[in-house]
Structures are given as structure tokens and as C-alpha cells.
2 protein chains.
Amino acid sequence: MKIVGVNIKRVREDRGMTLRSLSREVNVSASFLSQIETGKASPSLVTLKSIADALSTTVGNLIGEGQKVSDNPIVRASERTRLQEAGKGVGIYLLTSQDANKQMEPLLFKLSAKANSGGVSYKHFGQEFVLVLKGAIEITLNDSMYVLRKGDSIYFNSNVPHEFRNIGNEEAEAIWVITPPTF
Amino acid sequence: MKIVGVNIKRVREDRGMTLRSLSREVNVSASFLSQIETGKASPSLVTLKSIADALSTTVGNLIGEGQKVSDNPIVRASERTRLQEAGKGVGIYLLTSQDANKQMEPLLFKLSAKANSGGVSYKHFGQEFVLVLKGAIEITLNDSMYVLRKGDSIYFNSNVPHEFRNIGNEEAEAIWVITPPTF
DNA sequence: AAATTTGTTAAATAATACTTGACAGAGCCG
DNA sequence: CGGCTCTGTCAAGTATTATTTAACAAATTT
């Protein structure tokens, strides 16, 4: 876990902070911070969280979670990969190349008229963002129902039970970004 | 840092794993895992990373980073907030309500003809996803230049220097999702 | 009902997180 | 120049805690 040190140092210097000024906010000695940054010591979880807070970043970023993604970053409109596991009338397309180190998974949903999520309520950690490009989609979170039309967007935690349904008579499209990637 | 325990337990049971089967993959004792799950002990960073790997999730998720977002998840197309700090000819609109616990920040970029990022190369941790909705946008990553047209998308690390430019004569629009939120 | 498997606990140890104090180098000001 | 304050780093010590071993009762299995 040596990467955490160089990341902390980098962000700290970005913020224009000194070891001692950071140590005051984190409530550890400047010496210890130095040892962490040089890889000679490793902080506890709570200390690392304090450091992340003081640097206004996240633990995930400090430990290098989701760094270095694919070399070929582009996905053209004409060459999207379609996911197999989608339900009836539900087409899901990848908007990135498959890569282990992504923090989020951007998808394009194409729902034919009246198509829906099929009653399966996904539950996993993470968050989701949906922006409707075409048509009208009804999204149910827990007990709340929302109707999203072109340009409307929604943001929610993945662990609340959620379902969706195309309520229009035409095909509906939406950008759907989830974190972390599950595909 | 008690939350890490209940999260581990939750994911482990989701995966249908037992304390001992998990302990075999993580190379710690099942007893220790139990102490972690019940909040009586706290794992070291490397151990937590091993646990996250074995459960195919991330450390960030296990420590509850970016849980519980806003109560009002919806942003209507007509009521988006515009960011002030945008440059000349560059309109940036929030696609979520402001909230401290988001893992990603979805934005809508509207670039008038020939508008560009102004030579500022942002550098911070995280990743970015861009999908062009309208027009043609040229994005430069390090030394590579990419032209994105309607429906094309790109995914890259925020720490590589990047710039953008509307190369068309009409207004261009793009969905721009960054992680972690900086606004 | 024996046997295996589940999660949990107590106690002991091995490891390491963290502090104190001191150091050399760099910048600054008189 | 000489003193002053700041920087980051290091060595050695202490205190904390991460982790193990072994044993336990409650479920499950056979």
C-alpha cells in the first residue's frame, strides 16, 4: 500500500499544505505523516479517513482505487457493445470499453414501448445517475414514483430498491451511469 | 469506523460466503473477520483491500464512502443550475442537486460555436466520461486528439491534461460526468 | 444423535501505528 | 555574513491494536 503515500503527498502539495499544517488538522504528528508519505509507515483506517477529509478527497482516491483506465478511451456511436443480460424490450449498451479500473459504468438504455425492468429490484452498493434522452420513463425508488421526460435526470443510491418502466408508446432512451461498474 | 463491519457482513452474505471461506481468500483468521464485522476490531489497509478484492467490491464502498444522497433526487430539464465559473461561450449546468455525498458529478456542457476550455488543463484525481449529444467536440488528452460527434463517448483519467473545443459552427452539447464531485 | 459447520469470544502475541526529539537543508531578514 | 524560522526526514522508543489460537454454543447436516 505504498501508493497511498505518494497520493497523499501529491494532493497535499496541490493544496499548498505543509506536513505540519496537515498534521494539525488530522491530529497526528507531522513526523508520522512524513513516514506515511515516504512509504515507511501505513496509517490506520480512521487516520486515513481524517487525512482524506482534511484534503477534501476520498479514501478511495488516496489508495488509488480506479486509476489508470484503458488506452483506447473512445466508443463510437456506431460501435457500441450490447449487453446480453438485458430483459425483454430492454437494450443496454456499453458506452466505454471494458476495463477493470473504471469508477463508473456509463450505459445507454433503449426501452421499447411499455418495456420495464421486469420487477427485479437490483441491490448493490454505489450510486446511479439517469438522464432521459427520448421518451418518458417512470422510475420507482422505494415507494416514490418519478416520471422523467426528455432532459430530466435523477440521482440515487443503488441500495434502495428501484425499478423502471417506459410509459410512452414510442421507444425511450436514457443515459444510465452506475458506480461502481458491475459489467 | 464501525460501518465497515456491517458493510462487509452485508456483502459477504450477499455473495453467499461464510466467514471461513472468506478468511481463506483473504488470508486472515475467520475469528478476526468476525471481530471486524461486529465492530470489535478494525482491519489494516492492506487487509481491507484484500477483503474488498475477495468480495469484488471497493474499499471506498466498504467504508461507506458516498452513501445516502439527497432526498430530492430529481432535476428537471427546465430547472438546472448553471455554474458561474464557466469560461467564455461555455455553459455548465448541474444535473443533480448539490449534495456532499455523491460519488460522481453529472454535468451538461453547452458550448457555443468555437468555444473552448481556454487552455486551462485541469488536473485532479478521478475519472471523466463524456457523451456528445449535439455538434462536434474535439478533446485533447495529453498529445492525442479525438473528435467526438453525436453519440460518441470517451472515458479517461482526470489526471491526464485535457482540453476541449467545439469545432463546429453550431452549438454543441455534451453530458460530462466526473468523479469525484468538485462542485 | 453424532458430526460437521455456523458465528462469536477470551486471552495471548506479534506487529505496527504513532510520538518525541533531534537533525540538515532551504529560505528570509537584518 | 549570522541568526531565525521554516521545511521534510530519521532513529528510537512506547503504546496501541491488528491478528492468531483455541475453545465455545447454536444450527445444520447426515
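The sequence lines fix the lettering, A, B, ..., with proteins before strands; numbering per chain opens at 1.
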- Query: Taking 5' to 3' order, which nucleotide of DNA chain D is first and which is last to have an atom within less than 4.0 Å of a heavy atom in chain B?
  - Reply: D:dA18 to D:dA22
- Message: Distance check needed: C:dT5 P versus B:Met17 CE, whole Å only.
- Response: 16 Å
- Message: Can you confirm whether more than 12 heavy atoms, excluding those of B:Lys49, are under 6.0 Å from its NZ atom?
- Response: no
- Would you call the rings of B:Phe109 and B:Trp176 parallel, tilted or perpendicular, where under 30° means parallel and over 60° means perpendicular? parallel
- Message: Is the shortest side-chain heavy-atom distance between A:Val177 and A:Leu95 below 4.5 Å?
- Response: no
- Any A:Gln127 side-chain heavy atom under 4.5 Å of A:Asn157 side chain: yes
- Check: A:Ser117 side chain, A:Phe164 main-chain N or O, donor-acceptor pair, under 3.5 Å: yes
- Would you list the pairs meeting side-chain hydrogen bond (donor to acceptor under 3.5 Å, both in side chains) in which at least one residue belongs to residues 21-39 of chain B, sequence neighbours left out? B:Arg12-B:Glu37, B:Ser31-B:Gln35
Output a table of nitrogen or oxygen pairs between the protein and nucleotides 15-19 of chain C separated by less than 3.5 Å.
{"from": "C:dA17", "atom 1": "OP2", "to": "A:Ser42", "atom 2": "N", "distance (Å)": "2.9"}
{"from": "C:dA17", "atom 1": "OP2", "to": "A:Ser42", "atom 2": "O", "distance (Å)": "2.8"}
{"from": "C:dA17", "atom 1": "O5'", "to": "A:Ser42", "atom 2": "O", "distance (Å)": "2.6"}
{"from": "C:dC18", "atom 1": "OP1", "to": "A:Ser44", "atom 2": "OG", "distance (Å)": "3.2"}
{"from": "C:dC18", "atom 1": "OP1", "to": "A:Thr47", "atom 2": "OG1", "distance (Å)": "2.8"}
{"from": "C:dC18", "atom 1": "OP2", "to": "A:Ser44", "atom 2": "N", "distance (Å)": "3.2"}
{"from": "C:dC18", "atom 1": "OP2", "to": "A:Thr47", "atom 2": "OG1", "distance (Å)": "3.3"}
{"from": "C:dT19", "atom 1": "OP2", "to": "A:Ser29", "atom 2": "N", "distance (Å)": "2.7"}
{"from": "C:dT19", "atom 1": "OP2", "to": "A:Ser29", "atom 2": "OG", "distance (Å)": "3.2"}
{"from": "C:dT19", "atom 1": "O4", "to": "A:Gln35", "atom 2": "NE2", "distance (Å)": "2.9"}

- Message: Exactly one of B:Val132, B:Asn116, B:Val130, B:Ile167 should register a side-chain contact (heavy atoms from CB on, under 4.5 Å) with B:Ile137. Which one does?
- Response: B:Val132
- Determine: side-chain N/O of B:Arg12 to OP1/OP2 of C:dG7, distance under 4.0 Å, yes or no. yes
- Salt-bridge present (A:Arg10, A:Asp14; N to O < 4.0 Å): no
